[in-house]
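For reference, the structure discussed in these notes is given below.
The analysis underlying the following values was restricted to heavy atoms, covering all of them including side chains, and did not include hydrogens, waters or symmetry mates. Note on naming: letters A, B, ... go to the chains in the order of the sequence lines (proteins, then strands), and numbering restarts at 1 for each one.
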Protein chains: 2
Amino acid sequence: MTVLQNASDVLRLFGSGCSDLTVTEVTTRLGIPKANASRLLKAMRDAGMLETIGDTRRHRPGRMMLDLASAFRKSLGVIGQAGEVVAAVTERFGHTGYVSLREGREVTAVADFPGTNDLRVVSNIGRRLTAHGSATGRTLLARMSDAEVQAVYAGRPELDGLLPRLDAIRASGFAYSSQESTPGVDAIAIAVGDPTTEEAVSLCIVYPHAVVGEDDRDEMLAALASGATRIARDLGDAKFVAPRIPEKGLFA
Amino acid sequence: MTVLQNASDVLRLFGSGCSDLTVTEVTTRLGIPKANASRLLKAMRDAGMLETIGDTRRHRPGRMMLDLASAFRKSLGVIGQAGEVVAAVTERFGHTGYVSLREGREVTAVADFPGTNDLRVVSNIGRRLTAHGSATGRTLLARMSDAEVQAVYAGRPELDGLLPRLDAIRASGFAYSSQESTPGVDAIAIAVGDPTTEEAVSLCIVYPHAVVGEDDRDEMLAALASGATRIARDLGDAKFVAPRIPEKGLFA
DNA sequence: GCATTTGTTCCGATTTATGGAACTCATAAT
DNA sequence: ATTATGAGTTCCATAAATCGGAACAAATGC
């Protein structure tokens, strides 16, 4: 067994909820001689993979690991990061999720995460929705200025009443729609973008109107919002508005 | 040179802004034979420390590293995390920073970070301020309900006009004070808490009123806010309100 | 198609890791 | 005060990994 594998096993112990380790914990949890564990932790400390907590014998991951996490996220790109967030929300609540891009007056899903609930909205990757007529699309339009939106919709009837709705999204940080694109289906969407590549995507969760109460809905919004906020912070998205979870009854 | 040290050197390359690496980049940047680099990256991949990006030859940190970053933060606790954020802001802008706790109607600094500017507010750890009369204190009070605040200030004159000020903080997510506790000194404060331990701390930057323009002030607020937001997200702080950077002129 | 760049594999010599036991150090119990 | 107890480190011969150079293979560019 190579040292690297052992070191990796030690690091993996941190994954399962434990935030610090001692030599003995490592020997018992990995089943290796304590002489090895002792030397291994020392070597990992010297290499900066671990650091001791204060002057105790407890170890935690080294500071270097913070940079790694952000390098990992950076290399994913916005779409990838958005996908990770939506996947996590889908996993947790069982409802279908999308990541979508806007092209002109339309939006297309570029990644989809089928829900697991018995009653769920079937995923439909590649289906094109109108940007003005979907929560996802409006979050992406809301990232543009009114002038830009007007340019996209020059002389078109869809513009009617659109700008105030976008203002509302700019204020709240998210969009919600109930039975708009599909009967019986509600959607929550939040947009986030990468200022360096100019890519903006929308994170969206869709669910059957009938089976989701206000509390679940707010929880999903909160989950989606916290993921999107992290992405926006990591990428330095200045246009992002941190969604504010509304009080009960003020939703929509 | 041990493998662990080499592996660590490779990981460290990610720290300096680069989000992915190839074998040749590693050989040149670390100055090691490419045979070694090739085997090293393979071993690190097998150990889960790295993963390849798609089916290209580029490598990025493995997903495991995400867990490590959060284990690191968790082991710091709120006070430690707040300290890291304040230290970073202090470092960047040169102004003095504090982390404070509230006890009853007073707040005390538990960590301080002396500024580096020629004209700066001298740090004063252990100095007690009134909670109602300092930006720091009010951010902490704003985390409580009106009823709880009233209980703390039962029958006391300080309660006059306090609740509306707290409401303003709850709405904006931060507190600002100009020449309040100390003449010539302004302060920006944001509170964050750990729901599991019930600990709440306030992150605060203090600076001479005369030398900081609106732009710098907004930048400091943004820096403090993004750090506090990350902490709140990591810990699941439901009471946290993500600060919204106000438009010019609407500040305070 | 050929040249070039990039990555992998092979080899013996050398370095490093391994695991059992002996040892130190601090803390808790008698 | 003395002795157990447990955690952590160090010692040693053996076993296994790494090293660097060069030959080899596989992409990429012209």
>> Please report the distance, rounded to the nearest Å, between CG in A/Asn6 and C1' in D/dT18.
In response: 16 Å
> Closest nucleotide of DNA chain C for B/Lys34 versus for A/Pro33: which of these residues is on the 5' side?
Replying inline: B/Lys34
> What integer distance in Å separates A/Arg57:CZ from D/dT9:C1'?
Replying inline: 10 Å
> So which nucleotide from D/dT18, C/dG7, C/dA21 ends up closest to the side chain of B/Thr24?
Replying inline: C/dG7
> Is there a side-chain contact between A/Thr130 and A/Glu106, using heavy atoms and a 4.5 Å cut-off?
Replying inline: no
> Once you round it to whole Å, what is the distance between C1' of D/dA7 and CG of A/Leu41?
Replying inline: 12 Å
> Could one point to a donor on the side chain of A/Arg39 or the base of D/dG8 with an acceptor on the other under 3.5 Å away?
Replying inline: no
> What integer distance in Å separates A/Ile32:CD1 from C/dG20:P?
Replying inline: 12 Å
> How far apart are the C-alpha atoms of A/Ser202 and A/Thr139, what are their side-chain angles, what is the distance that settles it, and do they pass the side chain to side chain donor-acceptor pair (under 3.5 Å) test?
Replying inline: CA-CA 7 Å; A/Ser202 179; A/Thr139 59; 3.0 Å; yes
>> Rounded to whole Å, how long is the line connecting atom CG of B/Leu4 with atom P of C/dA17?
In response: 8 Å
>> With nearest nucleotide decided by heavy atoms, which residue, A/Ala35 or A/Val3, maps closer to the 5′ end of DNA chain D?
In response: A/Ala35
>> Checking side chain to side chain donor-acceptor pair (under 3.5 Å) between B/Glu51 and each of B/His59, B/Arg63, B/Arg58, B/Arg45, which is the one that passes?
In response: B/Arg63
>> Whole angstroms only, please: what is the CG-C1' distance between B/Asn36 and D/dC19?
In response: 6 Å
>> Restricting to non-hydrogen atoms, name the atom on A/Met144 and the atom on A/Arg102 that form the minimum distance, rounded to 0.1 Å.
In response: SD-NH2, 3.5 Å
>> For A/Arg45 and B/Thr2, find the nucleotide of DNA chain D closest to each by heavy atoms; which residue's nucleotide sits nearer the 5' end?
In response: A/Arg45
> With no hydrogens and no angle check, do the side chains of B/Thr2 and B/Gln5 hold a donor and an acceptor under 3.5 Å apart?
Replying inline: no
> Whole Å only: how far is the CE atom of B/Met44 from the C1' atom of C/dG7?
Replying inline: 17 Å
> For B/Lys42, which contact category applies under a 4.0 Å heavy-atom criterion: base, sugar-phosphate, or nothing?
Replying inline: nothing
> Which whole-number value in Å describes the distance from B/Leu40 CG to C/dT16 P?
Replying inline: 15 Å
